[in-house]
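Please read these numbers as outputs of a predicted model, since none were measured by experiment.
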Amino acid sequence: MLEQFTLKRIGFGKALKINDVFEYENEKWIIRHIVNIKIDKRLVQVLGKHGWQHDVIVSEVVAQNTNSFDIQNLKSHEIELSFSHKSDFFKSIGIGEIVRSEELGNLYVVKTIESIEYKLIDVHVDFIASNIVELPIKEVKRLSNKQKLNELGWKVIW
């Protein structure tokens with residue numbers, strides 16, 4: 001099973017990589033896709049002086065639960081998807097964004113947008129997306145013994 005999370009860390013020095021492990025609500029998760037990374041600043045005080053330090057990393061990731069997997073996601077494949085929304089609820093969609101298929105329940109990465117059109121007051125978008133490959137059980141068991149990001153100062157925001 002894949003879910004999307006936001007992870008945050010303050011301070012320099014610790015990496016975030018594909019296949020890193022973290023804990024959330026007593027479950028272990030393995031990072032399978034890094035969606036984006038943002039560097040934030042924070043106000044610090046050093047020797048009585050205040051200043052901005054740009055050492056806050058915020059990253060959206062897609063992670064696999066170590067207790068389950070979808071056999072359809074063991075191999076990479078592309079799929080044609082579409083969705084319709086009322087124009088006042090439609091925000092945006094872009095290449096590289098993560099979308100959830102309502103019919104399949106899986107998470108996909110948008111690869112290309114094929115068309116966008118109005119159907120009455122609905123915005124209808126057709127696009128090609130690829131699945132996020134999950135790890136087989138043997139690899140999940142091996143990785144779940146790695147040091148967890150939580151122990152390295154990373155926090156799960158969700």
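With hydrogens and angles ignored, the 3.5 Å screen pairs a side-chain donor or acceptor of Glu97 with a backbone N or O of Gly94. In this structure, Asn150 contributes its side chain and Glu23 its backbone to a donor-acceptor pair below 3.5 Å.
Within the 4.5 Å cutoff, no side-chain heavy atoms of Phe22 are placed close to those of Ile30.
Between the side chains of Asn106 and Ser101, no donor-acceptor pair is found at a separation under 3.5 Å. A side-chain donor from one of Glu60 and Asn36 sits under 3.5 Å from a side-chain acceptor of the other. Using a 3.5 Å distance cut-off with no hydrogens or angles, the side chains of Asn19 and Arg32 do pair a donor with an acceptor. Judged purely by distance below 3.5 Å, without hydrogens or angles, the side chains of Asn65 and Glu3 never pair a donor atom with an acceptor atom.
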Between Val35 and Val62, is the side-chain contact (heavy atoms from CB on, under 4.5 Å) condition met? List the steps. CA-CA 7 Å; Val35 180; Val62 174; 4.0 Å; yes

Kindly determine whether Lys17 and Asp20 satisfy salt bridge (charged side-chain N to carboxylate O under 4.0 Å, His left out), including the steps that lead there. CA-CA 6 Å; Lys17 303 179 293 297; Asp20 276 348; 3.8 Å; yes

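Here the closest heavy-atom approach between residue His33 and residue Ile98 is recorded as CD2-CD1, 3.7 Å. Trp29 and Thr66 make their closest contact through N-CG2, 4.2 Å (heavy atoms, listed as atom of the first residue, atom of the second, distance). When all heavy atoms of Arg9 and Gly153 are compared, the closest pair comes out as CG-O, 3.9 Å.
Residue Leu120 qualifies as open at atom CG: its count of foreign heavy atoms under 6.0 Å is 12 or below.
A salt bridge between Arg42 and Asp40 is absent, with no side-chain N of the basic residue lying under 4.0 Å from a carboxylate O of the acidic one.
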